[in-house]
Undergrad: 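Provided herewith is a single structure, encoded as structure tokens, for subsequent inquiry.
Worth saying up front: this structure is predicted, and the values here are computed from it rather than measured. Naming: A, B, ... by sequence-line order, numbering from 1 per chain.
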Number of protein chains: 2
Amino acid sequence: MTITLKTDLCQILDIEYPIFLAGMAGGPGTADLAAAVSNTGGLGTLGAAYMEPEAIRDAIRKIRELTEKPFGVNLFSISATDDNTRMEEVQSELNQIRSSLGLSPKAAEEVRTPSYFEKQFSVLLEERVPVISTAFGVLPEPFMKQAKQAQIKVIAMVTTVEEAILAEQAGCDAIVAQGSEAGGHRGTFDLTNRPLGANIGTMALVPQIADRVKIPVIAAGGIMDGRGLVASLALGAQGVQLGTRFLTAAESGAHPSYQQRLLRSTEESTALTTAFSGRPARGVVNKFVEFWSTNGIEPLPFPTQNTVTRDIRNESAKQNNADYMSLWAGQGLRMLTSGHSAVEIVKDIIQKAEAILSPE
Amino acid sequence: MTITLKTDLCQILDIEYPIFLAGMAGGPGTADLAAAVSNTGGLGTLGAAYMEPEAIRDAIRKIRELTEKPFGVNLFSISATDDNTRMEEVQSELNQIRSSLGLSPKAAEEVRTPSYFEKQFSVLLEERVPVISTAFGVLPEPFMKQAKQAQIKVIAMVTTVEEAILAEQAGCDAIVAQGSEAGGHRGTFDLTNRPLGANIGTMALVPQIADRVKIPVIAAGGIMDGRGLVASLALGAQGVQLGTRFLTAAESGAHPSYQQRLLRSTEESTALTTAFSGRPARGVVNKFVEFWSTNGIEPLPFPTQNTVTRDIRNESAKQNNADYMSLWAGQGLRMLTSGHSAVEIVKDIIQKAEAILSPE
């Protein structure tokens, strides 16, 4: 049997199992969850993309208090300026939702989304995090250089063969091949001519990428248990990245209403939407997604849409109302479990995989 | 190793390898290709959905001249009447394409698509074909009864867990779980509220279906070689169905211009469209698909759109012009090979799978 759970990638990153926690920004990907996954022998990841630099520093220090194992921090590698055109149109749509939540309406004022990336990156460098992973693009050349000099491993998420080749050429140590099943934001670098991103299924994407890059490939998208792990290794991946499966872990930062909705959902419950952030992402369809798919109004681009919808998502969470918060999730929802800790989830994945791989 | 290529499904269908040729209607799925795949030890399938009953009989007899092995015949299990509303609108759009091909324009006359299904089924019954497979639905109860009485094995293609349960309850011997990567028509039974069908990636769909039915599951969608075969078995499937990989086989009936276009395409070249038949299907984006995605006109429902576009597809083929013919294909196109016979393709799949499964 040429399939082994002890892949080269495990040695490169000094981890026991090639199981990666997806970088889940906006709440779920806490320091607790990241540390818990790392303590199991996989690689935990802090979902830091939306966090303020000093909050990231605090979270990194908390992770280090909770584990001595390697971990990663995930950022959005993108320099996008706000697009305030059509602000009036979009705010008047959002004000309908605000009134239903008892929020006061907002005027069509210009927004300026603070661009944290450079400061966020400086913190990761200063704290010498073991792994930096990025979505939406690879680290720009000067940042990549600094990361390498600090002996930080760099992983980029990609959605096409072309992006995988770019990531390898840029010096990434590994890439995450994100199939269309995956929950959360599509990692697609350039949305020109593909407003919903590139959406290639994991079964087709992983081998096509593995055939064209030498660096290790981590499969993502629809992988929920040991079956998906073994399948991904058979396709040529050296590891798997899971987000959805960990959303209901004991250490998850996902809102309880979000978790409850996930546990009532099926493989058909999700869709791609740009309504929450302006970038395409897969989540469980709720009232907010339906509202934007029927109102005939185009959401603003990233990050502006994300900034102007934040008060609504926060209030929805405060009211324990899953109708207006982002319910990021992949297509494997029937395989979701509840009431387990991260260590129990990883053990379950490994045991199921070993059972498949064990001699009869 | 609990993964074996000799699955129960092989015994049920009396085949050597659990490799199935997809039912490719409209040209590619010829008697020659079906017989060739069956002769390799897999299960070949005649793509008979659009064929006249007596032509099916001739093809079945030709298959039996070419092989003594079991084979299948694929039909569309759907009773759809023509929708002639908006015929003027659609024909005037099509007439723009006709003029560019040198075809004379068509008036907005009512079309009546002949409904062959009952006669097609009678031929399969009379000829006692070993396997009947269906798309768009399961065999209606009286037909299922007759098939069972004739000891014909019945396979239905499904795209959701609900459809899989319906197929099992209806008495199917096996089901094809069609992931979103798959080329050709989406098998989704009911398109209400999902105009492009259910599109769950293979990695997520197969285990969720395998968890909920007892009959064998055949994985389809993005599977192109031995890696996809082993991955599918790890996910809980007992076999794999491939269409795209056989489109460029020596015995394929796919038009040479179609094959050439496929061999120049990538994982990003395909999209879902209803422009050719009125039902959603995945194919390489060409001028015809682009025309219908930008003209703001809704194609007519199946089978009417298929009937009114036939002269255009035929003329496009006659002119060796791939711009206006349906180029059905899945998302694994970079793994497509050329210049091989069906037997070489199946041998390659099996050898790669055995290499993955062999002890190190």
Undergrad: In terms of heavy-atom pairs under 4.5 Å, which option from A:Glu162, A:Met203, A:Glu268, A:Gln208 contacts chain B the most?
TA: A:Gln208

Undergrad: Applying salt bridge (Lys or Arg N to Asp or Glu O under 4.0 Å), can you list everything that pairs with A:Lys347, at least two apart in sequence or on another chain?
TA: none

Undergrad: What residues of residues 288-296 of chain A sit under 4.5 Å from chain B when you count only heavy atoms?
TA: none

Undergrad: From A:Arg282 CZ over to A:Leu272 CG, what is the distance, rounded to the nearest 0.5 angstrom?
TA: 4.5 Å

Undergrad: In terms of heavy-atom pairs under 4.5 Å, which option from A:Val161, A:Thr160, A:Leu333 contacts chain B the most?
TA: A:Val161

Undergrad: Please state whether the side chain, the backbone, both or neither of B:Met335 comes within less than 4.5 Å of a heavy atom of chain A.
TA: both

Undergrad: When you measure from the side chain of A:Gln178 to the backbone of A:Gly187, do you find a donor-acceptor pair of N or O atoms at a distance under 3.5 Å?
TA: yes

Undergrad: Could you measure the distance from the CG atom of B:Leu262 to the OG atom of B:Ser338? Nearest 0.5 Å is fine.
TA: 11.0 Å

Undergrad: Please state whether the side chain, the backbone, both or neither of B:Leu229 comes within less than 4.5 Å of a heavy atom of chain A.
TA: neither

Undergrad: Using distance alone, with no hydrogens and no angle criterion, decide if A:Ser265 and A:Arg334 have a side-chain donor and acceptor under 3.5 Å apart.
TA: no

Undergrad: Considering only heavy atoms and a distance below 4.5 Å, find which of B:Ala198, B:Ala204, B:Gly236, B:Gly226 pairs most often with chain A.
TA: B:Ala204

Undergrad: Under 4.5 Å from any heavy atom of chain A, what part of B:Thr202 do you find: side chain, backbone, both or neither?
TA: both

Undergrad: Please enumerate all residues that pass side chain to side chain donor-acceptor pair (under 3.5 Å) together with A:Glu163, with sequence neighbours excluded.
TA: A:Thr159

Undergrad: Taking atom CZ of A:Arg194 and atom CZ of A:Phe189, what is their separation to the nearest 0.5 Å?
TA: 10.0 Å

Undergrad: Residues two or more places apart in sequence or in another chain: which of them pass side-chain contact (heavy atoms from CB on, under 4.5 Å) with B:Gln11?
TA: B:Asp8

Undergrad: Looking at CZ of A:Arg279 and OG1 of A:Thr273, how far apart are the two atoms once the value is rounded to the nearest 0.5 Å?
TA: 14.0 Å

Undergrad: May I ask you to name which of A:Asn199, A:Ile200, A:Leu205, A:Leu233 has the most heavy-atom pairs under 4.5 Å with chain B?
TA: A:Ile200

Undergrad: So which of A:Asp211, A:Ile223, A:Thr266, A:Thr270 has the largest heavy-atom pair count under 4.5 angstrom toward chain B?
TA: A:Asp211

Undergrad: Between chain B and each of A:Gly332, A:Ala210, A:Ala353, count heavy-atom pairs under 4.5 Å; write down the option with the most.
TA: A:Gly332

Undergrad: Return the option, out of A:Ser232, A:Pro207, A:Gly221, A:Ser180, with the maximum number of heavy-atom pairs under 4.5 Å with chain B.
TA: A:Pro207

Undergrad: Keeping B:Gln331 on the side-chain end and B:Gly222 on the backbone end, is there a donor-acceptor pair under 3.5 Å?
TA: no

Undergrad: Ignoring hydrogens and angles, tell me if any N or O in the side chain of B:Lys6 forms a donor-acceptor pair with the backbone of B:Tyr17 under 3.5 Å.
TA: no

Undergrad: Contact part of B:Asp225 toward chain A, heavy-atom cut-off under 4.5 Å: side chain, backbone, both or neither?
TA: neither

